[in-house]
Colleague: 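Sharing a structure with you now.
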Number of protein chains: 2
Amino acid sequence: MTTRKEKIAGDLDRQFAEMGFAEQGVEALRAGADVSLRTLYKYFPSREAMVVGALEHRDKSYFDWLAGGPESGIEHVLHPIVRLGDWLREVANTGCLFLNALAEHPDSAAIRETVLDHKARLADEFRIRLQTIAPDKDVERIAETLFLLHEGMTQTARLHGRDRATEAALRAAKAALAAEGIA
Amino acid sequence: MTTRKEKIAGDLDRQFAEMGFAEQGVEALRAGADVSLRTLYKYFPSREAMVVGALEHRDKSYFDWLAGGPESGIEHVLHPIVRLGDWLREVANTGCLFLNALAEHPDSAAIRETVLDHKARLADEFRIRLQTIAPDKDVERIAETLFLLHEGMTQTARLHGRDRATEAALRAAKAALAAEGIA
DNA sequence: ACATGGGTAGAGCGATCATTCTACTTTTCT
DNA sequence: AGAAAAGTAGAATGATCGCTCTACCCATGT
């Protein structure tokens, strides 16, 4: 079951993603979530808390999105990049919500922490998957490369189109894995 | 010789880079550029024009920064990525000013155009360099990969540190070139 | 000498911002 | 049924925003 707070957080996520952070005043957020100002402030007592709430919602959504997929082989490792391609095609393609938030609020400690936490967990995702299929390799180093490709793909997609970006990232990932002796 | 407008644009660039776009009101920009409000508005008749001016200044700075370097071989192609590493170490490491601006002003046509123009020219930079050393290869496709690595490196640097990001990008670039038969 | 162009300082304007508050209604639980 | 909790609408507040305007200053060139 989803609580009211979670529902509102989802609405905030969607609105920040569609319209950016700067252009969305609290009144617009309220209208988009279809709640009263009082209720909105009850769950998210400041605009900063609304941003953090939206990011936490997006964090959950995205890791849910990555769940499943091949359990072994190189596909297991590449799966997050493939799923990012699906996300860009099916959900949204407006850059990284976390990095956009960081760009907009560079001196909010709470937002910064939420972003860094999400990105650290994403890097872990690649490490864990690599550890599963190639524990004898330099997992740390290869995971860093895959993480970099994931970030680059997100940004390139909004500039050059999703499909070109997805293809480039997957090709580069395979080349990087091959160079490390992972086929 | 640098005109007054160019000097102010440089100040705007620096301020947006250091403090982000959202937190900088026009009065703060004025103070940072050490001019009067009237003069600032004379050269940049709106806040949007100030953002565009800063981006155009950054565009020039960055392509100047990429100039020079090895004239042949794989180093010629990798040079922009090496120089990005220098930039992140010596100049600033706060993500991409252009993408940050786009995140902050998603529905300003002028800003969007300035950003897309810069990124298109950056992609061209890789194409031209590839054309020089490997005109028989699929320049378009390989350039896309290098562009993606450049973008990913910029974002990864502020999350995981410049040096790790630089190493990962260079390694991935070499692997991608090797996979295409460019040594 | 003095007009002119380009500069300064900073007050003022209307709009919008995040946030709080009052007053009322609906839902939920016992 | 009735109390308590949780919702609604939306006005009010004070701060800040982008931007304009007035009034004055100081170089420079003929």
Side-chain angles (χ1 to χ4, degrees), chain A residues 1-16 18-57 100-112 114, chain B residues 1-16 18-57 100-112 114:
Chain A
M1 93 169 200
T2 57
T3 66
R4 190 132 147 90
K5 179 170 180 179
E6 284 165 354
K7 185 223 168 273
I8 297 176
D11 289 332
L12 295 174
D13 175 344
R14 177 177 42 76
Q15 288 190 86
F16 284 132
E18 282 175 9
M19 331 260 254
F21 287 90
E23 322 266 349
Q24 289 290 350
V26 172
E27 166 57 25
L29 294 170
R30 181 212 64 77
D34 199 33
V35 289
S36 72
L37 213 45
R38 188 181 177 80
T39 303
L40 180 59
Y41 269 97
K42 176 182 177 184
Y43 291 117
F44 304 98
S46 70
R47 188 176 198 282
E48 182 185 44
M50 296 171 203
V51 173
V52 170
L55 293 179
E56 287 173 344
H57 179 270
N100 288 354
L102 200 54
E104 202 97 9
H105 302 281
D107 43 52
S108 158
I111 292 172
R112 167 165 289 272
T114 307
Chain B
M1 95 172 197
T2 58
T3 66
R4 190 131 143 88
K5 179 172 180 177
E6 284 165 353
K7 184 220 167 276
I8 298 176
D11 288 332
L12 295 174
D13 175 345
R14 177 178 41 77
Q15 287 190 85
F16 284 131
E18 282 175 9
M19 332 260 252
F21 288 89
E23 323 266 347
Q24 288 290 351
V26 172
E27 166 55 27
L29 294 169
R30 182 210 64 78
D34 200 32
V35 289
S36 72
L37 212 44
R38 188 180 179 77
T39 303
L40 180 59
Y41 270 97
K42 176 182 176 183
Y43 292 118
F44 304 98
S46 69
R47 189 178 196 279
E48 183 184 43
M50 295 171 205
V51 172
V52 171
L55 293 180
E56 288 174 344
H57 179 269
N100 288 353
L102 200 54
E104 201 97 10
H105 302 282
D107 43 52
S108 158
I111 292 171
R112 167 164 289 270
T114 307

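Treat the numbers as computed from the prediction; the structure is a model and nothing was measured. Each chain gets a letter, A, B and so on, in the order the sequences are listed, and its residues count up from 1.
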Colleague: Distance check needed: C:dC17 C1' versus A:E104 CD, whole Å only.
Modeller: 14 Å
Colleague: Is there a donor-acceptor pair under 3.5 Å between the side chain of A:Q15 and the backbone N or O of A:L29?
Modeller: yes
Colleague: Between C:dT19, C:dG6, D:dT8, spot the one nearest the side chain of A:S46, thanks.
Modeller: C:dT19
Colleague: Compare the minimum distances between each of D:dG7, C:dG7, C:dA18 and the side chain of A:R4, then state the nucleotide with the smallest one.
Modeller: D:dG7
Colleague: Tell me the interatomic distance from A:L37, atom CG, to D:dA11, atom C1', rounded to whole angstroms.
Modeller: 11 Å
Colleague: Provide, to the nearest angstrom, the distance between the CD1 atom belonging to A:I8 and the C1' atom belonging to D:dT8.
Modeller: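 Nearest whole value for this atom pair: 13 Å.
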Colleague: How close do A:L102 and A:R112 get, heavy atom to heavy atom, and via which atoms?
Modeller: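 Looks like CD1-CA, 3.8 Å.
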Colleague: Please state whether the rings of B:H105 and B:F21 are parallel, tilted or perpendicular, taking 30° and 60° as the class boundaries.
Modeller: perpendicular
Colleague: Look at the side chain of A:R47 and decide which nucleotide, out of D:dG7, C:dT19, D:dG18, has an atom nearest to it.
Modeller: C:dT19
Colleague: Report yes if a side-chain nitrogen or oxygen of B:Y43 is closer than 4.0 Å to either non-bridging phosphate oxygen (OP1 or OP2) of C:dG6; otherwise report no.
Modeller: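 Indeed not, no polar side-chain atom of B:Y43 lies that close.
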Colleague: What heavy-atom pair brings A:E56 and A:T114 nearest, and what distance separates the two atoms?
Modeller: CG-CG2, 4.2 Å
Colleague: Whole-Å distance between D:dT20 P and B:F44 CZ?
Modeller: 16 Å
Colleague: Rounding to an integer number of Å, can you tell me how far A:L29 CG sits from C:dC17 C1'?
Modeller: 12 Å
Colleague: What are the two closest heavy atoms between B:A22 and A:E104, and how far apart are they?
Modeller: CB-O, 3.3 Å
Colleague: Write down the distance between CG (B:L40) and P (D:dT20), rounded to a whole number of angstrom.
Modeller: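 One finds 12 Å between P of D:dT20 and CG of B:L40, rounded.
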Colleague: Report the distance from atom CZ of A:R30 to atom C1' of D:dG7, rounded to the nearest whole Å.
Modeller: 13 Å
Colleague: Starting at the 5' end of DNA chain D, which residue's closest nucleotide do you reach first, A:S36 or B:P45?
Modeller: A:S36
Colleague: If you assign A:Q24 and A:R38 each to the DNA chain C nucleotide with the nearest heavy atom, which residue ends up on the more 5' nucleotide?
Modeller: A:Q24
Colleague: Taking CD from A:E27 and P from C:dA15, how many angstroms apart are they, rounded to a whole number?
Modeller: 17 Å
Colleague: Can you tell me which nucleotide in D:dG18, D:dG7, C:dT8 comes closest to the side chain of B:Y41?
Modeller: D:dG18
